[in-house]
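The structure appears right after this line, and notes come after that.
Everything quoted here is computed from the prediction, not taken from an experiment. The chains referred to below are lettered A, B, ... by the order of the sequence lines, with proteins before strands, and numbering in each begins at 1.
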Protein chains: 2
Amino acid sequence: MNIGTVAKSTGVSAKTIRYYESIGLIPNAARAGNGYRDYGGNDVETLRFIKRARALGFSVEDVGSLLSLWHDKTRASGDVKAVALKHIEAVEERIHELESIRDTLKHLTQCCQGDERPDCPILEGLAGLGGTVETSKTQKKSCCG
Amino acid sequence: MNIGTVAKSTGVSAKTIRYYESIGLIPNAARAGNGYRDYGGNDVETLRFIKRARALGFSVEDVGSLLSLWHDKTRASGDVKAVALKHIEAVEERIHELESIRDTLKHLTQCCQGDERPDCPILEGLAGLGGTVETSKTQKKSCCG
DNA sequence: CTTGACCTTCCCTTCATGGGAAGGTTTATG
DNA sequence: CATAAACCTTCCCATGAAGGGAAGGTCAAG
């Protein structure tokens with residue numbers, strides 16, 4: 001199978017497949033007589049695995065660990081679970097950060113008339129006047145009360 | 001004021017201040033006789049504005065727009081609000097993505113014993129067996145029922 | 001035999017910084 | 001006064017995870 005075929009059947013672009021090979025995430029592909037990379041069914045499975053793990057937000061480095069565990073038939077499932085749990089923690093932390101940002105932004109925009117006049121609590125908030133824009137651990141003061 | 005002083009009083013590193021200057025986000029700094037950048041109070045205010053906007057997740061490009069509006073005393077507050085609302089939308093979309101990822105990960109990890117045995121629903125899920133790892137718009141099938 | 005669709009390697013771009021080298025300046029100390 | 005530490009300058013390189021595109025080789029169809 002040529003790289004383009006694999007790209008189509010895995011959803012991983014040819015460019016990205018070559019990139020994964022270059023950083024050692026996947027082994028060097030076999031080569032056909034013409035120098036083209038030549039893939040088999042296992043390669044497609046591996047790339048689908050990678051694709052799913054990346055879609056779940058695992059870093060390429062973590063995907064490497066997961067791939068090793070996947071190939072290691074004597075692995076302990078606890079090792080896999082540890083990687084996943086750590087990632088869940090990171091995802092949840094990021095969610096909280098974004099929620100805090102969203103709340104602050106919503107507060108500022110609700111205070112803003114949004115008309116043709118120049119008075120703008122959003123800019124005032126960013127400039128540090130009449131309230132705080134801190135996104136965590138700090139109480140938000142009213143900017144329009 | 002030297003760049004180091006400004007860095008300390010704004011929380012923006014000297015490196016980053018120079019970067020902002022190089023991309024035109026802030027104007028070229030005045031120079032003292034020795035060639036050092038020389039800053040005044042307005043520069044500190046501007047950098048604090050930038051710092052707050054970045055903390056709210058605005059891209060540097062958006063921060064540029066916000067700075068222009070901030071300096072434009074005849075701006076319409078609606079223009080500012082539009083930038084903010086668009087950003088809120090992006091933030092909310094990202095939150096939903098991450099929540100979906102988190103839910104899928106939690107589901108997989110709850111199915112995994114996490115002991116010394118090799119059987120692992122997490123890896124099976126990533127490999128595409130017995131369930132789906134899709135993170136949106138697709139129903140999740142049970143992987144351990 | 002030519003056209004177009006592949007494939008190859010190679011280098012540049014993104015985004016928002018950080019690291020560190022090589023060299024000039026200023027300040028504090030012995 | 002000499003020297004060392006702590007600044008500052010510009011310059012290029014690295015990050016993560018790819019994408020863009022050039023220059024050139026290969027292959028299948030018409």
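For B:Ser65 and B:Ser68, the side-chain atoms include no donor-acceptor pair closer than 3.5 Å.
Here B:Leu105 contributes atom CG and A:Phe58 contributes atom CZ; the two are 5.0 Å apart, rounded to the nearest 0.5 Å. Rounding to the nearest 0.5 angstrom, the gap separating the CZ atom in B:Arg102 from the CD atom in B:Glu97 is 13.5 Å. Rounding to the nearest 0.5 Å gives a distance of 7.5 Å between NE2 of B:His71 and CZ of B:Phe49.
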Nucleotide N/O of nucleotides 26-30 of chain D paired with protein N/O under 3.5 Å:
from	atom 1	to	atom 2	distance (Å)
D:dT26	O4'	A:Tyr36	OH	3.3

All N/O pairs under 3.5 Å across the protein-nucleotides 18-21 of chain C interface:
from	atom 1	to	atom 2	distance (Å)
C:dG18	OP2	B:Ser13	OG	2.8
C:dG18	OP2	B:Thr16	OG1	2.8
C:dG19	N7	B:Lys15	NZ	3.1
C:dG19	O6	B:Lys15	NZ	2.9
C:dG20	O6	B:Lys15	NZ	2.2

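Rounded to whole Å, atom C1' of D:dG16 lies 17 Å from atom CZ of A:Phe58. B:Leu47 places its CG atom 15 Å from the C1' atom of C:dA16, with the value rounded to the nearest Å. In this structure, the CG atom of B:Asn2 is 12 Å from the C1' atom of D:dT9, given to the nearest Å. Between the C1' atom of D:dC7 and the OH atom of B:Tyr39 lies a distance of 14 Å, rounded to the nearest Å. Straight-line distance from the CD1 atom of A:Ile23 to the C1' atom of D:dA14: 15 Å, rounded to whole Å. Per the geometry, CG belonging to A:Leu25 stands 13 Å off C1' belonging to D:dG16, to the nearest Å. In this structure, B:Arg18 places its CZ atom 7 Å from C1' of D:dC8, rounding to the nearest Å. Taking atom CG on B:Asn28 and atom C1' on D:dT9, their separation rounds to 14 Å, with Å as the unit.
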Could you tabulate the donor-acceptor pairs under 3.5 Å formed by side-chain atoms of residues 19-27 of chain A, not counting sequence neighbours?
from	atom 1	to	atom 2	distance (Å)
A:Glu21	OE1	A:Ala29	N	3.4
A:Glu21	OE1	A:Arg37	NE	3.0
A:Ser22	OG	A:Tyr19	O	2.7

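At C:dC15, none of the side-chain N or O atoms of B:Arg54 fall inside 4.0 Å of OP1 or OP2 (strictly under the cut-off). In terms of phosphate contacts, B:Arg37 brings no side-chain nitrogen or oxygen within less than 4.0 Å of OP1 or OP2 of D:dC8. The phosphate of C:dC15 has neither OP1 nor OP2 within less than 4.0 Å of any side-chain N or O from B:Tyr19. B:Tyr20 has no side-chain polar atom (N or O) that falls below the 4.0 Å cut-off from OP1 or OP2 of C:dA16.
Remark: the backbone N or O of A:Cys112 is paired with a side-chain donor or acceptor of B:Lys81 at under 3.5 angstrom. In this structure, B:Lys51 contributes its side chain and B:Thr10 its backbone to no donor-acceptor pair below 3.5 Å.
Taking only side-chain atoms of B:Arg31, from C-beta outward, the nucleotide of C:dT17, D:dT10, D:dA17 with the closest atom is D:dT10.
At most 12 heavy atoms of other shown residues, nucleotides or ligands fall within 6.0 angstrom of atom CD in A:Glu93.
Residues B:Tyr36 and B:Met1 fall into different hydrophobic clusters, defined by Ile, Leu, Val, Met, Phe, Trp and Tyr side chains chained together at heavy-atom separations under 4.5 Å.
Backbone-only engagement by B:Ile3 is indicated by non-hydrogen atom pairs under 4.0 Å involving sugar-phosphate atoms exclusively.
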